[in-house]
There are 2 protein chains.
Amino acid sequence: MAHNDTVERILDAAEILFAEKGFAETSLRSITSRANVNLAAVNYHFGSKKVLIQAVFTRFLDPFAEGLSKTLDDIEAAGKEPELEALIALLFKEVLKVKPRGQNDIKIFMRLLAIAYAQAQGHLRKHLQNIYGTVFRRYLKLVMVAAPDLPLYELYWRINFMMGSVIFTLSDFDTLDAIGQAEHQQKASMEQTMMRLVPFLVSGMQAPRPEDMPERP
Amino acid sequence: MAHNDTVERILDAAEILFAEKGFAETSLRSITSRANVNLAAVNYHFGSKKVLIQAVFTRFLDPFAEGLSKTLDDIEAAGKEPELEALIALLFKEVLKVKPRGQNDIKIFMRLLAIAYAQAQGHLRKHLQNIYGTVFRRYLKLVMVAAPDLPLYELYWRINFMMGSVIFTLSDFDTLDAIGQAEHQQKASMEQTMMRLVPFLVSGMQAPRPEDMPERP
DNA sequence: ATTTGTTTCAAACGATTGTTTGTTTCCCTT
DNA sequence: AAGGGAAACAAACAATCGTTTGAAACAAAT
């Protein structure tokens, strides 16, 4: 219990503080202090702060990627070709499945993703791409089938447009919801906002191709 | 020439380094070193690093907000009610107008926006909101007219969905374009990508309202 | 030419950072 | 009960951070 408990307490504290302030702005001392753990424990168990950051991501993304992979297995086994809306909603369901122990885990998860993208840290990005690239490509193939009239290159960019909407909105959900309450006297939940995202994304993906944009310039 | 030159050289160096590495990861020494300026110059001319960060944003956003404001003046003076597509394309044109001295200024501009959102720095966010909130609200009113069948609260969230796509995609344009070249042997420009964004965003905004989502729960 | 005020500069400040060290404590095996 | 390897600990490490200092260099005005 001793070892494992310390490692997980560090990860718990780290993911919260990283999501709140970012990587560079979060000191190891603030992490170990929140975790009620000795300062040296981080370097003892992880080796360095950089590895700790990667470990935080791994703990989130591994179950997510595994869950997504299994869902894709089921789809392919059933020989189904899901529609665009189902494919997008699928991703949200998968996100909601991850780590049901805490309520605000999804917010942390999304904020970490946003920070990872905002900070073009070479080592982190390639680390994630190397590990989770395979599952992502499997998912992308299904999107291709669901939107057959879209050239591959166009689809590539639209996928990124989608990622932008989702990550941006959900990672800043608390702030955006607070503004929404102040200006419209309505509050939203994360699940509601995901539901709101689906039709926006589906319609965006089904949009006609941009004008004056040759497929191969 | 002495004073003004130093201040602008600091701003030039700061915006590049901030866009590359973020705020906390960029030291004043790296800024002053790149600007060929003494270390103390930052605190002498700006007072603190925090003020320098705000100054970098101001130099970008002031001309942008002013240009947008004038464009909105013209529209209102002409009594026009632009369509959604025109309103969205308008924003991109306004962005392209800002700071024509350098080619990659837009990339820096977008990266700074992304970093500003990712790092929930309280002081910066309120600073921006207080200064540029007025222009933004004027623009929002035009969008309201262009999408009359959309409830205000729904529109609020979709505006944020749009912002997410744009900021996310364009701030990471270099990386995304590099991947696009590797996987599809096609390269894009920032202007092309903006053109690609327009139909995606327009269709997203015109999407049907999400199911099971009462207007006032 | 002298004064006045602004800007630049080298140097140092205290604080905080990630990491390392050597020792102590704990737990398990024999 | 004794031994040994893993873990926790207080303390210190060198490096870097933003900021401050006081003197030097400069410009413009009297």
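Keep in mind that this is a model prediction, so the values were computed, not measured. Proteins come first, then strands; the chains are lettered A, B, ... in the order of their sequence lines, and each starts at number 1.
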Which of D/dA8, C/dT20, C/dA10 is nearest the side chain of A/Asn43? It is C/dT20

Given atom [atom1] of [X] and atom [atom2] of [N], what is their separation to the nearest angstrom?
| X | N | atom1 | atom2 | value |
| --- | --- | --- | --- | --- |
| B/Tyr44 | D/dA24 | OH | C1' | 14 Å |
| A/Asn38 | C/dG22 | CG | C1' | 13 Å |
| A/Asp5 | D/dA8 | CG | C1' | 13 Å |
| A/Asn36 | D/dA8 | CG | P | 13 Å |
| B/His45 | C/dT7 | NE2 | C1' | 6 Å |

How are the rings of B/Phe161 and B/Trp157 set relative to one another: parallel (under 30°), tilted (30 to 60°) or perpendicular (over 60°)?
tilted

Which class fits the ring pair A/Phe64 and A/Phe109: parallel under 30°, tilted 30 to 60°, perpendicular over 60°?
tilted

If you look at every strand shown and take non-hydrogen atoms under 4.0 Å, does A/Ala40 touch a base, only sugar-phosphate, or nothing?
base

Mind checking the [atom1]-[atom2] spacing from [X] to [Y]? Nearest 0.5 Å is all I need.
| X | Y | atom1 | atom2 | result |
| --- | --- | --- | --- | --- |
| A/Thr6 | A/Asn38 | OG1 | CG | 10.0 Å |
| B/Ile108 | B/Met110 | CD1 | CE | 12.5 Å |
| B/Met162 | B/Ile167 | CE | CD1 | 10.5 Å |

Answer yes or no: is there a side-chain heavy-atom contact under 4.5 Å between B/Arg111 and B/Leu170?
no

Sub-3.5 Å pairs of nitrogen or oxygen atoms, protein against nucleotides 12-17 of chain D:
| from | atom 1 | to | atom 2 | distance (Å) |
| --- | --- | --- | --- | --- |
| D/dC17 | OP1 | B/Ser27 | OG | 3.4 |

With sequence neighbours left out, the residues meeting salt bridge (charged side-chain N to carboxylate O under 4.0 Å, His left out) with A/Glu66 are none

Axis deviation across the helix from C/dA1-D/dT30 to C/dC27-D/dG4, five-pair ends, to the nearest 10°:
0°

A/Thr6 side-chain N/O to D/dA8 phosphate OP1/OP2 under 4.0 Å
yes

